[in-house]
Amino acid sequence: KPEGVLLSQVYPGSPADKAGLKQGDVVLAVDDQAVFDENGIRYVAATKRNGDTVKVDYLRNGAKAAVSAKVAAPPETPARDKRTLKGNNPFAGATVLNMSPAVADELGVDPFKRGVLVFEMPAQSAAASVGLRPGDIVLEVNGQKIATAAELEQATKTAPPAWKVAIERGGQRIEAQFRS
């Protein structure tokens, strides 16, 4: 029968990483409670306090093993920075937020996402008129990779003749170009 949760990635510095778990391991149980999906792991973690130690049973290369891991809140890296963008650019009116594992956990999205989240925006904003939506993740502006809200704000200070924007929506990369 199917069991466990395949670790497709392990966030550097996370409790799983510190415990020695690796990409490709299959977590079978946490504190002797079987897990079958990511929600099962989250449920067990939610019943523990930060700093508690849990036993993690896992499978690696066909061999069962166990490690101890300390429960910790998802990291807020980069730091939470929520700002509303202004000016003559396709993002004007959008409120954006740095993506971090903590933000991803709150929103129930992949904690490995990088970029700047379009958090909210008025329906009549420039951002809405060019088709941006809350939940979009801004990846690049005019060829410049965007990792933080501050970088996005800086990239929108001067208006080029045309804006080239790359976002992620629903797991797909979308590239668009807009005239100033």
Side-chain angles (χ1 to χ4, degrees), residues 1-82 96-120 131-141 143-152 165-176:
K1 71 177 185 182
E3 63 179 332
V5 176
L6 175 67
L7 298 180
S8 60
Q9 295 180 349
V10 177
Y11 194 82
S14 68
D17 181 45
K18 290 177 182 174
L21 293 171
K22 300 185 182 312
Q23 179 180 353
D25 290 347
V26 177
V27 175
L28 303 171
V30 178
D31 270 354
D32 297 321
Q33 189 170 4
V35 293
F36 301 98
D37 58 23
E38 190 176 323
N39 290 334
I41 292 176
R42 285 185 184 172
Y43 172 78
V44 174
T47 65
K48 306 295 180 185
R49 290 189 155 144
N50 284 342
D52 285 353
T53 300
V54 295
K55 180 180 129 199
V56 179
D57 295 307
Y58 67 99
L59 187 66
R60 179 181 294 158
N61 299 324
K64 289 186 177 182
V67 292
S68 293
K70 281 196 181 266
V71 176
E76 188 92 34
T77 308
R80 189 175 299 253
D81 182 7
K82 188 176 177 182
V96 297
L97 178 65
N98 287 344
M99 284 297 297
S100 70
V103 169
D105 187 60
E106 289 170 21
L107 300 174
V109 298
D110 182 351
F112 293 93
K113 297 281 184 207
R114 293 291 167 262
V116 176
L117 176 74
V118 177
F119 189 68
E120 58 189 16
L132 289 172
R133 300 180 197 163
D136 287 347
I137 300 173
V138 180
L139 305 172
E140 294 178 18
V141 173
Q144 175 187 343
K145 290 196 183 300
I146 302 296
T148 66
E151 287 177 3
L152 178 57
V165 176
I167 63 166
E168 182 178 312
R169 178 183 294 154
Q172 294 195 333
R173 182 182 173 100
I174 300 170
E175 294 185 11

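Values reported hereafter were calculated over all heavy atoms of this structure, with side chains retained and with hydrogens, waters and symmetry mates removed. If you read the sequence from its start, that first residue is 1, and numbering goes on from there.
With rounding to the nearest 0.5 angstrom, the CG atom of L6 is 10.0 Å from the CG atom of L59. With rounding to the nearest 0.5 Å, the separation of CZ in R169 from CD1 in I174 is 4.5 Å. To the nearest 0.5 Å, the span separating CZ on R60 from NZ on K22 amounts to 5.5 Å. If you take CZ on R114 and CG on L139, they are separated by 12.0 Å, rounding to the nearest 0.5 Å.
Here R173 does not pair with E168 in a salt bridge; the nearest charged N to carboxylate O distance is not below 4.0 Å.
Counting heavy atoms from C-beta outward, V109 and M99 have side chains that approach closer than 4.5 Å. When side chains are defined from C-beta on, V103 does not count as touching N98, because their heavy atoms never get closer than 4.5 Å. Considering only heavy atoms from C-beta on, L117 comes within 4.5 Å of L107 through its side chain. Looking at heavy atoms from C-beta onward, E3 lies in side-chain contact with F36 at the 4.5 angstrom threshold. Using a 4.5 Å heavy-atom threshold, the side chains of P74 and Y11 count as separate. For the pair V96 and V138, the minimum side-chain heavy-atom distance is 4.5 Å or more. Side-chain atoms of Q23 and L7, non-hydrogen and from C-beta on, never get closer than 4.5 Å to each other. Between R42 and D105 there is a side-chain heavy-atom pair separated by less than 4.5 Å.
D31 contributes no side-chain N or O that, together with a main-chain N or O of Q33, makes up a donor-acceptor pair within less than 3.5 Å. In this structure, N50 contributes its side chain and A73 its backbone to a donor-acceptor pair below 3.5 Å.
Heavy atoms only, all atoms of each residue included: Q144 and E151 are closest at NE2-O, 4.3 Å. Closest non-hydrogen pair, P78 versus S100, comes out as O-CB, 3.6 Å. Of all non-hydrogen atoms in L97 and R80, the two that sit nearest each other are CD1-CG, 3.6 Å. Between P75 and P101, the shortest heavy-atom contact is O-CD, 3.4 Å. The two residues G20 and D25 make their nearest non-hydrogen contact at O-OD2, 4.4 Å. Of all heavy-atom pairs between V67 and A19, the closest is CG1-O, 3.6 Å.
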Inset, instruction - Check the pair D32 / K55 against salt bridge (charged side-chain N to carboxylate O under 4.0 Å, His left out), numbers first and verdict last. - result: CA-CA 7 Å; D32 297 321; K55 180 180 129 199; 2.8 Å; yes
Inset, instruction - Walk me through it: do L132 and I167 pass the test side-chain contact (heavy atoms from CB on, under 4.5 Å)? - result: CA-CA 9 Å; L132 289 172; I167 63 166; 4.0 Å; yes
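Between Y43 and the choices I41, T47, N39, the side-chain contact (heavy atoms from CB on, under 4.5 Å) rule is met once, by T47.
Other residues, nucleotides and ligands place more than 12 heavy atoms under 6.0 Å from the CZ atom of F112.
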